[in-house]
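As structure tokens, the structure follows; a few thoughts come after it.
Numbers here simply count residues along the sequence, with the first being 1.
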Amino acid sequence: MTSLIDSNWFYLKTMQTLSQPRQIVSSQKNGQTQTALFSTMLNSVMSSDPTANWVSLASNQVQKDSPVYWSTLGPEVPTLSPTEQVTSPSNGSTPLSFQAISLLDMESKLSGKLSGTAKDFIAAGKKYDLNPKFLASIAQHETGNGTSRAIHEKNNVAGMMGPNGLRTYSTLQESIEAMASNLRRNYLNQGLTTISQIGAKYAPVGASNDPTGLNNYWVTGVTKKMANFI
């Protein structure tokens with residue numbers, strides 16, 4: 001019988017439960033009692049903190065080739081170089097700018113073929129300075145939360161169009177990246193900083209490629225789904 005609980009979420013939640021932080025009284029440095037290594041790593045993952053080049057405080061002499069060295073587990077949120085970073089609009093932070101969210105909280109709301117993609121929404125959000133909840137909400141709305149033909153047959157999570165109709169992507173991650181890049185370059189950086197403003201361009205009411213009028217519900221649908229995330 002197929003479980004109603006996403007396996008990735010259940011796995012991480014179980015590991016969190018089994019590794020509640022506890023003090024290691026036998027190992028102290030500079031008067032500070034160290035926290036369990038595994039628990040610290042897992043807590044970093046589930047709070048979606050960047051984990052690149054993370055080394056346990058239990059040993060400040062650990063080398064990168066040591067088994068104790070840990071770079072990432074779960075969401076891989078890379079540290080971007082200045083040339084890779086995408087600048088945000090000149091008017092500064094907006095409600096749609098990047099905000100940290102727990103991997104487990106996001107994963108618990110995703111289903112269908114979107115299951116397991118929380119880490120990708122978080123990574124794309126951080127790279128393009130977009131709220132991961134906003135990206136995931138668009139994907140949920142466009143794909144019926146991972147159930148549409150577009151996501152199953154074309155890996156298209158956002159209704160992205162090309163010259164010949166819906167675009168086809170090799171992976172879901174590629175589609176999420178394309179959506180985030182498009183939103184940053186053609187919407188946020190152009191001064192469209194609210195869901196209503198973005199919806200008017202992203203899913204215009206009365207568009208010729210929307211014969212059934214689904215675009216009428218884009219703004220309210222995305223707004224409600226975004227509010228559903230913690």
For [X] against [Y], the heavy-atom pair lying closest together:
X: Tyr128; Y: Arg184; result: O-NE, 2.9 Å
X: Lys113; Y: Thr117; result: O-CG2, 4.2 Å
X: Ser137; Y: Phe229; result: OG-CE1, 3.5 Å
X: Ala124; Y: Ala180; result: CB-CB, 3.9 Å
X: Asn215; Y: Val205; result: O-CG2, 4.1 Å
X: Phe98; Y: Ile122; result: CE1-O, 3.8 Å

Less than 4.5 Å apart, any side-chain heavy atom of Ile198 and any of Leu188?
yes

Side-chain heavy atoms of Leu135 within contact of Met179, under 4.5 Å:
yes

To the nearest 0.5 Å, what is the distance between [atom1] on [X] and [atom2] on [Y]?
X: Leu104; Y: Met106; atom1: CG; atom2: CE; value: 11.5 Å
X: Leu183; Y: Ile138; atom1: CG; atom2: CD1; value: 4.5 Å
X: Asn155; Y: Thr171; atom1: CG; atom2: OG1; value: 6.5 Å

Show which residues join Leu166 in its hydrophobic cluster (side-chain heavy-atom contacts under 4.5 Å, direct or indirect), or state none.
Met161

Whether the side chain of [X] engages the backbone of [Y] through a donor-acceptor N/O pair (distance < 3.5 Å, no angle test) should be reported.
X: Arg167; Y: Asn156; result: no
X: Glu107; Y: Gly116; result: yes
X: Ser181; Y: Ala178; result: no

Please determine whether residues Val157 and Leu214 belong to a single hydrophobic cluster, defined as Ile, Leu, Val, Met, Phe, Trp and Tyr linked transitively by side-chain heavy-atom distances below 4.5 Å.
no

Criterion side chain to side chain contact (heavy atoms under 4.5 Å, CB included) on Leu110 and Phe121, from CA distance to verdict:
CA-CA 11 Å; Leu110 301 174; Phe121 288 116; 4.2 Å; yes

Between Tyr187 and Gln197, is there a side-chain donor-acceptor contact under 3.5 Å, judged purely by atom types and distance?
no

According to side chain to side chain contact (heavy atoms under 4.5 Å, CB included), who are the partners of Asn131, at least two apart in sequence or on a separate chain?
Gln99, Lys133, Phe134, Met226

Taking everything shown except Lys201 itself, do over 12 heavy atoms lie less than 6.0 Å from its NZ?
yes

In sequence, state the C-alpha distance, the side-chain angles, and the governing distance for Thr194 and Thr94, and then conclude on side chain to side chain contact (heavy atoms under 4.5 Å, CB included).
CA-CA 8 Å; Thr194 68; Thr94 75; over 6 Å; no

What side-chain donor-acceptor pairs closer than 3.5 Å can you find for residues 139-147, not counting sequence neighbours?
residue, atom, partner, partner atom, Å
Gln140, NE2, Lys109, O, 3.0
Gln140, NE2, Asn145, OD1, 3.4
Glu142, OE2, Trp218, NE1, 2.9
Thr143, OG1, Ala139, O, 2.6
Thr143, OG1, Gly146, N, 2.8
Asn145, OD1, Ser111, N, 3.4
Asn145, ND2, Lys109, O, 3.4
Asn145, ND2, Ser111, OG, 3.0
Thr147, OG1, Thr143, O, 3.4
Thr147, OG1, Gly144, O, 2.9

